[in-house]
Amino acid sequence: MNPIEQKFLSYEAKGQGGVIVEIPMLPPIPSTQLDLARLLVRAGIDVIQIPIPVRFPWMYGARILTIQKMAARNDIWYEQSFQVLEALVKQYPQAEFMPVGFYGGLQRMGQENYIRRCAELGFHLADIPDYPLVHDDDPRGLAAGLREKGIDYVTVISAEMAMEPEGGPGWRQLKKLVSLSYGFCFLLAAAGGKTGEKTGFDYDGLARAKERILRMQELVGRRCPIVAVCGIATPQQVRTLVKDVGVHVMFGSALFTRVMNGDSGEEIYRFLSEMKQAAM
C-alpha cells in the first residue's frame, strides 16, 4: 500500500477527504509551476498533478483545452513537464507529485524512459487515462512496468460503468478494473469525463456509483480510495462530495481559471485553503 493510499484511507476513517490539484503547464516554465506549487503546499493539498501536454487535445473542457493549445504553440511537451517535475521534487521533497497525460504524449518520450523517470523522481502514482489497461489487457506492459518500480497505475471508472447490471460484460469489465485499482481510482463526476467547472452534480447518482464500487472492492478483496474528478469548482461541492457522497476530490480547471484571470498569489492561496478545509 503506497503512502497516498494510506493517507486517503486514514482520512476516510475520520470522515474527511484528500484533495488532488493539477497545475497548468503555462509559461514561463518552471517558475509558474514552482510559484503555484508553493501555494498548494502551503494550503495542504495532498497530491499535486502535473500534465504532459498532448499533440491533439480532444476530451477537454474549454479551460484546459485553451491551456493545451497554448502549450502546443509554445512547444511545451514531455521534456518541459519532466523538467517541472524534477524542479518540484527538488524544491518540495516531502510533497506528493503525479504526472498525468494521454498515452500519445508518453509514447513521444518512450515508455521505458517514462517509467524510468517516474521511478527516479520517486512517484507513487501515474495517470494515463486513455491506456487500455483492462480492455486490451495492458497490451504494452505499461502498468506492469510501473508496478515493478513500485508505482501504481491510476484507474478511471465512470458512474455508468459502476452501475452496469451484475453478471453482464460491463460488470465483468468493472470487476477486472477494480481488482487492478491501487493508490486510488478516479470516479468521473461529469459524463464522459468532460473537464471544466460545473455548477452542480448528480450527487445521488455518484453516491450510488460509489457504493457499487465499494461492493465490487469487497468482492475482489481490494480496498482502494475513490476520488471524484471533472468539474469540481467550489468549496460547497467539495464539502458535499466528501461529507455526503464519501469520496475524495480532484480539480484543475478552477485553479486554471484563477491563474489566467490574473488572480494574486494570496487570492489563489485563499481559494485553495477553502477547498482543502471543505474536505476536512
Side-chain angles (χ1 to χ4, degrees), residues 1-21 46-47 49 96 98 100 124-129 131 133-135 138 143 146-147 151-194 198 200-232 236-251 275-276 278-280:
M1 183 182 295
N2 76 43
I4 300 170
E5 188 170 300
Q6 290 177 331
K7 187 175 187 179
F8 281 20
L9 290 175
S10 70
Y11 278 146
E12 291 179 19
K14 296 179 285 189
Q16 300 173 346
V19 179
I20 303 168
V21 180
D46 297 289
V47 181
Q49 188 167 271
E96 289 285 354
M98 178 177 75
V100 57
H124 294 109
L125 295 162
D127 181 14
I128 309 97
Y131 180 72
L133 173 67
V134 170
H135 189 271
D138 193 10
L146 288 167
R147 181 158 287 277
I151 304 165
D152 291 330
Y153 174 96
V154 174
T155 58
V156 181
I157 301 173
S158 68
E160 292 79 8
M161 172 178 267
M163 301 306 294
E164 285 284 338
E166 186 170 344
W171 183 87
R172 290 193 291 273
Q173 287 271 29
L174 174 65
K175 182 178 180 181
K176 189 171 184 180
L177 191 58
V178 169
S179 70
L180 295 172
S181 294
Y182 292 84
F184 63 80
C185 65
F186 279 130
L187 171 61
L188 300 180
K194 190 75 171 179
K198 305 293 188 296
F201 300 97
D202 177 7
Y203 295 112
D204 290 340
L206 289 171
R208 290 192 295 272
K210 183 210 74 169
E211 290 303 322
R212 286 291 298 271
I213 295 171
L214 288 178
R215 288 203 294 273
M216 184 63 81
Q217 288 184 356
E218 185 176 358
L219 178 65
V220 303
R222 169 91 282 274
R223 180 68 181 93
C224 180
I226 302 167
V227 179
V229 64
C230 296
I232 298 165
Q236 184 55 55
Q237 290 172 351
V238 171
R239 191 172 295 108
T240 301
L241 286 164
V242 171
K243 303 300 183 180
D244 297 343
V245 179
V247 293
H248 309 272
V249 296
M250 182 269 165
F251 64 90
M275 296 289 269
K276 172 63 178 176
M280 304 308 287

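All values below were derived from every heavy atom in this structure, side-chain atoms included, with hydrogens, water molecules and symmetry-related copies excluded. Bear in mind the structure is a predicted one, so any value in this text is a computation, not a measurement.
Within the 4.5 Å cutoff, side-chain heavy atoms of Asp127 are placed close to those of Met98. Using a 4.5 Å cut-off on side-chain heavy atoms (C-beta onward), Leu9 and Arg223 make contact. Two residues are said to be in side-chain contact when any heavy atoms from C-beta on lie closer than 4.5 Å; Cys224 and Val178 fail this criterion. Proximity of Tyr182 to Met1: side-chain heavy atoms (C-beta onward) are nowhere separated by under 4.5 Å. Between Ile226 and Phe184 there is no side-chain heavy-atom pair separated by less than 4.5 Å. Looking at Leu133 and Ile128, their side chains never come closer than 4.5 Å, going by heavy atoms from C-beta outward.
Residues Val247 and Ala228 come closest through the heavy atom pair CG2-CB, 3.8 Å. Pairing each heavy atom of Gly15 with each of Val242, the nearest pair is O-CG1, 4.2 Å. Nearest heavy-atom pair across Leu187 and Ile213 is CD1-CD1, 4.1 Å. Residues Gly183 and Pro225 come closest through the heavy atom pair O-CD, 3.4 Å. Considering every non-hydrogen atom in both Ile157 and Cys185, the closest pair reads CD1-SG, 4.2 Å.
Pairs passing the salt bridge (Lys or Arg N to Asp or Glu O under 4.0 Å) check and including a residue from residues 201-220, sequence neighbours excluded, do not occur. Pairs of residues two or more places apart, or lying in two chains, that qualify as side chain to side chain donor-acceptor pair (under 3.5 Å) and include a residue from residues 236-245 are Gln236-Arg239, Gln236-Thr240.
Using modelled atom types, one finds no donor on one side chain facing an acceptor on the other under 3.5 Å when comparing Gln217 with Arg222. Side-chain contact check for Tyr153 and Asp138: no donor-acceptor pair (N or O, by modelled atom type) lies under 3.5 Å.
Checked against side-chain hydrogen bond (donor to acceptor under 3.5 Å, both in side chains), Asn2 has the following partners two or more places apart in sequence or in another chain: Asp152. Arg172 is linked by a salt bridge (charged side-chain N to carboxylate O under 4.0 Å, His left out) to nothing, counting only residues two or more places apart in sequence or in another chain. The side-chain hydrogen bond (donor to acceptor under 3.5 Å, both in side chains) check on Glu164 picks up nothing, with sequence neighbours excluded. Taking the side chain to side chain contact (heavy atoms under 4.5 Å, CB included) definition, one finds that Gln173 meets it with Val134, His135, Met161, sequence neighbours left out. Considering only residues two or more places apart in sequence or on other chains, Val19 meets the side chain to side chain contact (heavy atoms under 4.5 Å, CB included) condition with Val21, Ile45, Asp46, Val249, Phe251, Lys276, Ala279. Contacts of Leu219 classified as side chain to side chain contact (heavy atoms under 4.5 Å, CB included), with partners at least two apart in sequence or in another chain: Trp171, Lys175, Met216. With sequence neighbours excluded, no residue satisfies salt bridge (charged side-chain N to carboxylate O under 4.0 Å, His left out) with Glu96.
With rounding to the nearest 0.5 Å, the separation of CG in Leu174 from CD in Glu160 is 12.0 Å.
Ring pair His248/Tyr11 is tilted by interplanar angle, where 30° to 60° counts as tilted.
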